[in-house]
Amino acid sequence: MIDKTYQSSEVEGRIYAAWEAAGAFRAGRPERAKAAPYSIVIPPPNVTGSLHMGHALNNTLQDILVRFERMRGKDVLWQPGTDHAGIATQMVVERQLMERQQPGRRDMGREKFLERVWAWKAESGGIIINQLKRLGASCDWSRERFTMDEGLSKAVLKVFVELYRDGLIYKDKRLVNWDPKLLTAISDLEVQQVEVRGHLWHIRYPLEGVTFNAEDALTFIVVATTRPETMLGDVAIAVHPENDKLKHLIGKNVILPLVGRRIPIVGDDYADPEKGTGAVKITPAHDFNDFDVGKRHDLPLISVLNREGKLRLKTNQTFLDGVPPSTALDETLTLDAVDRFAARKKIVERLETEGFLDKIEPHIHMVPHGDRSNAVIEPFLTDQWYVDAKTLAQPAIAAVREGKTNFVPKNWEKTYFDWMENIQPWCISRQLWWGHQIPAWYGPENPSTYGTQLPFYEERFVALSEEEAIAQAKALYPEGTEISVASNEETYRAWQRSYVLGNNQKLSIKLRRDEDVLDTWFSSALWPFSTLGWPESTPEVNRFYPTSALVTGFDIIFFWVARMMMMGLHLMKEVPFKDVYIHRLVRDEKGAKMSKSKGNVVDPLGIIDEYGADALRFTLARGAAQGNDIRLSPQLVENNRNFATKLWNAARFVEFNGAARVAGFDPKSAKETLNRWIAHETAKASREITEAIEGYRFNDAAGAAYRFVWNVYCDWYVELSKPVLTGPDGAAKDETRAMAAWALDEILKLLHPFMPFITEELWDKTAETGPKREALLALSDWPALEGLDDAKAEAEIGWVIDLITAVRSVRSEMNITAAIPLVLVAASAESKQRAERWADFVKRLARVADISFADAAPAGSVQLLIRGEVATLPLKGVIDLDAERARLQKEMAKADADIKRVDAKLGNANFMANAPEEIVEQEQERREEAENRRAKIIEALERLKGAA
RNA sequence: GGGCGCUUAGCUCAGCGGUAGAGCACUUCCUUGACAUGGAAGGGGUCAGAGGUUCGAUCCCUCUAGCGCCCA
């Protein structure tokens, strides 16, 4: 028995447990060994994260695809897992330590700290997985993976070593985006440009060889900068070679204020003559553009900041080199160890008091910020590891061009190409501890070539293991050298000191391992194959790679999709996925982006608690039109919860009326027109939904399902079947019961990918009568309905629906509550038959007292036009004749307008000459129909005159 | 500055070269035994503006205005 109401909170947990117990989501079920594979890898959520609405959308869409294909009989793998989220997770744990006033990570050391992170992972790592289950996600949880798992770590190591060997990973000293708060490099994708109201400071740089006079513009050159503190690292001034006002200064020198360094004025077209003063200061160690200019002119790099963003001057040899002592310099040196922003203020003050400040303009500009720390990012000169993304990008670009991977919607291709074609080296090292430690070991420069001199060059050994690194070192250093690995940085330094001091005659060498870890996205880039067991040649790799589809948000096309493409193609020689479906954002009901700081975040679990997972899923699916953000409001979810209730009640009604599934029932065998009609409609809906899911048109699929269930099955089939179901027993009743149950079954299947819980529950409840169910709904066959189209049934039921609707309209408009007679005028034989067959139904649904036939319309009746024929409601005395006249005149006006419009077309020689034949025919039919309608209305108006 | 996209009913959004659609909201009516989380009926749109292509444009093209996102 189906309960009176559907309690999602009671049902969902139980149903999910049943799926898991049956292993319904497992890939590689034996009975599907010969089935085609279908695979999706989940975009791994952060292991310590929790489910937000973006996840809910993303995973709902994947689940729709996966459940759909599973029902289509494929061997489906939805590969779940989480990533370790290096920076975010490390931040959380460090903050925790701070809050608890425990020692920081440096104090406790790497090993201890990592223990803490693993403990934190153990504690909070399962949360999001369970939340995904509450959403109904049908992942194969037995295969859950984590980027820091042994297997995935092995994959990361192997890839690093291979790419290094191939020259696609290298170490380089370049400017990186440095986060002075987190003390790590980040990739340019992790930098957010934020518009900031700042200033443009115009500074006078005195020309060499003349006496500086703030009043005399011939004694200096003015440059504008947004970051005056970096002037301490200036090494040149650039002016455009064709800048007529300034080009005469090229080749001359200026004396850097506050420092006294002599720096050249160089000609470079980077200096835009239209912008600012036309001259720009060049600080190659603190600006990406300046770095390039510096390279072109062979300028030195003077870094004046330390890792924490404080000025580093006193012990900074490159800063002091070639600068004559002066009191100005001494005063500048007092800024040593001062934070960059405090230093900026002080420097501006000094420039002003000493006459070097020309003017200050307010200036709005973009300032880079770290996406995790929100600190202002410094371009910073360090050694980091890079991936040669440009080389890897080439096959990845080609694969999309050749259609091996398709973006849906297609226009995202352009975004992908734009980025890929202008791709920069990918900085993959992070100064963190939580992550995959880079498998590189360093030792002193080979003494056989450099004796025991100061080791300013380090030998580098990139290897899969410490043993391999030692073996490599053995091969490099002189025979008999003892080689060991320092357990930590400290012991290495201690050894290094003694080595440098020449106390090491025995040639005992220590190696140290690179302390840094890899960008989390490096491991995520391997996700489509590392999760399948690569580098082992597992059956899963062979069966499920390349994956079928990837479903993700546009915000990680660069971070993730592009990098998976590069890695997949390079390492597997095949694209990682055939289709990439890109969905958009879930916004709040006002259209604002959900964010913690705005406080407008809608918690999917709260929605699930209140309305059920199915309602949330259906809402998201209905809203997921390609290319559009989804505005989510509780109202919408409520509507879809109501839809679930509607379905529930329909099932209850059907059950209550003895509709039980009949073994071997073939819908094609139905005799009753109504039953043939619903079979026809079911097949139609099934086609629409199938095609829509195949095309990733989730909204169309959900919309078609909604309309079919509510506006076809419930509104008409159930209503029209009532007289039969509640009437006398017989073949028609038996058939209708069987058909009602059959169609409901098809509905459950068609809705299952969208609303898995309620459909599975009903599948179970309806199994109580009739033949035994062979499988859970999740594992049942998707409808494949052939040979059910029935135009005749469609025409007949359509006629009935039109008739009922028309009578209801008049009743409503005329405010008639009593049962009224219906007279069909000059009815065709077909209409007569239909009317007789459907009399009971029409009487019931339109509240008609009786149906009769006449050759002419009775006087004083209301006229209805049903598919070209006249039906009347003799309402003499009941109706307001004026109102009826007005109604008819309105219809008349419409008919006139229709005729006029069609005539305009048909009278146009060009239209007749150029329009396709079927369109012309259509127009002609339309005219005939309108003409007929008009004639009937005129007759009715005439009759009204007679009645008056 | 470059790129992508949007502008359709009061709201949120589908759609599309051949007479404008849905949901919600609104109005009126309905405690008929699946469902008031419901049923029935109804009002409401020169499809942002201006040009162009076409027999025909809400749809294709160009421009303008406004809004959004991404990249520099």
Side-chain angles (χ1 to χ4, degrees), chain A residues 2 4-6 188-189 191-193 288-289 366 368 409 411-415 417-419 422 554-555 557-558 584-585 587 589-593 611-612 615 619 622-633 635-636 638-657 659 697 699-700 702-704 706-707 710-711 714-715 718-719 722 725-726 740 804-817 819 844-847 894 897-902 904-916 918-920 922-923 926-927 929-930:
Chain A
I2 301 174
K4 184 150 169 51
T5 53
Y6 173 68
D188 32 8
L189 286 177
V191 174
Q192 306 286 320
Q193 300 292 336
F288 289 99
N289 291 312
M366 304 300 271
N411 46 336
W412 287 109
E413 272 183 7
K414 194 158 172 52
T415 307
F417 288 138
D418 282 353
W419 190 69
N422 297 296
F554 61 90
D555 47 339
I557 290 180
F558 307 143
R584 297 196 48 130
L585 247 47
R587 295 172 176 274
E589 55 192 311
K590 292 189 200 88
K593 229 183 206 174
Y611 302 101
T619 306
R622 284 183 78 189
Q626 289 183 7
N628 264 83
D629 291 347
I630 298 173
R631 284 201 198 194
L632 188 78
S633 69
Q635 175 71 253
L636 282 179
E638 195 183 321
N639 297 150
N640 290 308
R641 190 271 320 268
N642 294 352
F643 174 65
T645 306
K646 186 78 181 175
L647 171 68
W648 185 260
N649 282 312
R652 229 158 58 86
F653 170 79
V654 163
E655 178 190 63
F656 186 75
N657 283 284
R697 287 178 288 110
N699 60 322
D700 287 344
Y706 181 95
R707 279 190 301 278
W710 200 312
N711 302 117
C714 292
D715 284 353
V718 168
E719 289 306 322
K722 278 177 181 172
L725 290 175
T726 59
I804 292 170
T805 306
V807 175
R808 281 171 171 174
S809 275
V810 171
R811 298 181 64 92
S812 178
E813 276 172 41
M814 305 263 159
N815 219 355
I816 299 159
T817 48
R844 180 186 174 117
L845 294 176
R847 286 212 81 196
K894 209 171 157 243
D898 287 348
I899 290 166
K900 206 175 150 194
R901 188 175 45 242
V902 175
K905 282 196 179 181
L906 294 177
N908 183 336
N910 282 327
F911 174 78
M912 298 305 282
N914 292 311
E918 67 263 27
I919 295 294
V920 176
Q922 190 184 306
E923 292 296 330
R926 201 170 277 160
R927 189 182 193 290
E929 181 277 327

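Lettering follows sequence order; numbering is per chain, from 1. Note that the structure is a prediction, hence the values are computed from the model and not measured.
- B:C4 and B:C61 have their P atoms separated by 12 Å, with the value rounded to a whole Å.
- The nucleotide whose nearest atom lies closest to any side-chain atom of A:S812 is, among B:G18, B:U37, B:A41, B:A41.
- Considering only the side chain of A:T726, B:G33 comes nearest among B:G33, B:A14, B:G38.
- Base-pair partner of B:C16: not found among the strands shown (Watson-Crick or G-U wobble, both distances under 3.5 Å).
- When the side-chain nitrogen and oxygen atoms of A:N649 are compared with OP1 and OP2 of B:A34, none of them lie within a distance under 4.0 Å.
- Going from the C1' atom of B:A50 to that of B:U7 covers 15 Å, rounded to whole Å.
- When side chains are defined from C-beta on, A:N699 does not count as touching A:Q626, because their heavy atoms never get closer than 4.5 Å.
- A salt bridge between A:E929 and A:R926 is absent, with no side-chain N of the basic residue lying under 4.0 Å from a carboxylate O of the acidic one.
- Here the closest heavy-atom approach between residue A:A740 and residue A:V654 is recorded as CB-CG1, 4.1 Å.
- Considering all non-hydrogen atoms of both residues, A:E719 and A:D715 come closest at CG-O, 3.0 Å.
- The same atom, P, is picked in B:A72 and in B:G56; the two are 47 Å apart, to the nearest Å.
- Using a 4.0 Å heavy-atom distance criterion, A:S809 is classed as a sugar-phosphate-only contact.
- Checked against B:A34, B:C55, B:C4, the side chain of A:K414 finds its nearest nucleotide in B:C4.
- In this structure, NZ of A:K4 is placed 8 Å from C1' of B:C35, rounded to the nearest angstrom.
- Between B:C11 and B:A48, the distance separating the two P atoms is 14 Å to the nearest Å.
- Rounded to a whole angstrom, the distance from the C1' atom of B:C59 to that of B:C16 is 5 Å.
- Counting non-hydrogen atoms under 4.0 angstrom, A:A913 reaches nothing in the nucleic acid.
- Closest non-hydrogen pair, A:Y611 versus A:R641, comes out as O-CG, 3.5 Å.
- Comparing B:A34, B:G18, B:C55 by their closest approach to the side chain of A:K905 singles out B:G18.
- B:A72 makes up no base pair with any nucleotide shown, lacking Watson-Crick or G-U wobble contacts both under 3.5 Å.
- Between B:G23, B:A41, B:A34, one nucleotide has an atom nearer to the side chain of A:N639 than all others, and that is B:G23.
- What separates CD1 of A:I919 from C1' of B:G56 is a distance of 10 Å, to the nearest Å.
- Distances were taken from every side-chain heavy atom of A:P916 (C-beta onward) to each of B:C55, B:U19, B:G5; the shortest belongs to B:C55.
- Side-chain atoms of A:K646 and base atoms of B:C35 include a donor and an acceptor less than 3.5 Å apart.
- Closest approach to the A:R622 side chain among B:A14, B:G38, B:G23 is made by B:G23 (side chain taken as heavy atoms from C-beta onward).
- An OP1 or OP2 oxygen of B:C4 is reached within less than 4.0 angstrom by no side-chain nitrogen or oxygen of A:W419.
- Between the side chain of A:E719 and the base of B:A34, a donor-acceptor pair under 3.5 Å is found.
- In this structure, A:T805 reaches the sugar-phosphate backbone alone: every heavy-atom distance under 4.0 Å involves primed, P, OP1 or OP2 atoms, never a base.
- With a cut-off of 3.5 Å on both pairing distances, the Watson-Crick or G-U wobble partner of B:G66 is B:C6.
- B:G23: Watson-Crick or G-U partner is B:C11, with both key distances under 3.5 Å.
- Put simply, CD1 on A:I557 is 11 Å from P on B:C71, counting in whole angstrom units.
- Comparing atom distances between the A:D898 side chain and each of B:U37, B:C55, B:U19 picks out B:U19 as nearest.
- Taking 3.5 Å as the limit, the base of B:U37 and the side chain of A:R641 contain a donor-acceptor pair of atoms between them.
- Taking atom CG on A:D629 and atom C1' on B:A14, their separation rounds to 15 Å, with Å as the unit.
- Looking at heavy-atom distances under 4.0 Å, A:R847 makes no contact with the nucleic acid at all.
- Remark on RNA chain B: of its neighbouring residues A:F558 and A:R901, the 5'-side contact belongs to A:R901, judged by nearest-heavy-atom nucleotide.
- Comparing the P positions of B:G23 and B:U53 gives a spacing of 39 Å, expressed to the nearest Å.
- No engagement by A:K894 is indicated, since no non-hydrogen atom pair under 4.0 Å with the nucleic acid exists.
- Between the CG atom of A:D700 and the C1' atom of B:G15 there is a distance of 9 Å, given to the nearest Å.
- Between A:R811 and B:C29, a side-chain N or O to OP1/OP2 separation shorter than 4.0 Å is absent.
- If you take atom P in B:G21 and the same atom in B:G45, they sit 14 Å apart, rounded to whole Å.
- Counting only distance, with no hydrogens or angles, the side chain of A:N649 and the backbone of A:T645 share a donor-acceptor pair below 3.5 Å.
- Atom name P, nucleotides B:C6 and B:C13: the rounded distance is 13 Å, in whole Å.
- Rounded to whole Å, the distance from CZ on A:F653 to C1' on B:C35 is 11 Å.
- The residue among A:N910 and A:I630 whose nearest nucleotide of RNA chain B lies closer to the 5′ end is A:I630.
- Atoms CG (A:N908) and C1' (B:C55) sit 5 Å apart, rounded to a whole Å.
- Nearest to the side-chain atoms of A:R631 among the listed nucleotides B:A34, B:G18, B:C13 stands B:C13.
- Here B:G68 is the nucleotide among B:G68, B:C55, B:C35 with the atom lying nearest to any side-chain atom of A:R587.
- Of the possible donor and acceptor atoms, none in the side chain of A:S812 sits under 3.5 Å from a partner among the backbone N and O of A:R808.
- Ion pair A:R652/A:E655 not flagged as a salt bridge, since none of the NZ, NE, NH1 or NH2 atoms sits closer than 4.0 Å to an Asp/Glu carboxylate oxygen.
- The nucleotide B:G44 finds no pairing partner, because no Watson-Crick or G-U wobble arrangement with both distances shorter than 3.5 Å includes it.
- Going from atom CG of A:N628 over to atom P of B:A22 covers 19 Å, rounded to whole Å.
- Side-chain atoms of A:R847 come within 3.5 Å of backbone atoms of A:T817 as a donor-acceptor pair (strictly under, hydrogens ignored).
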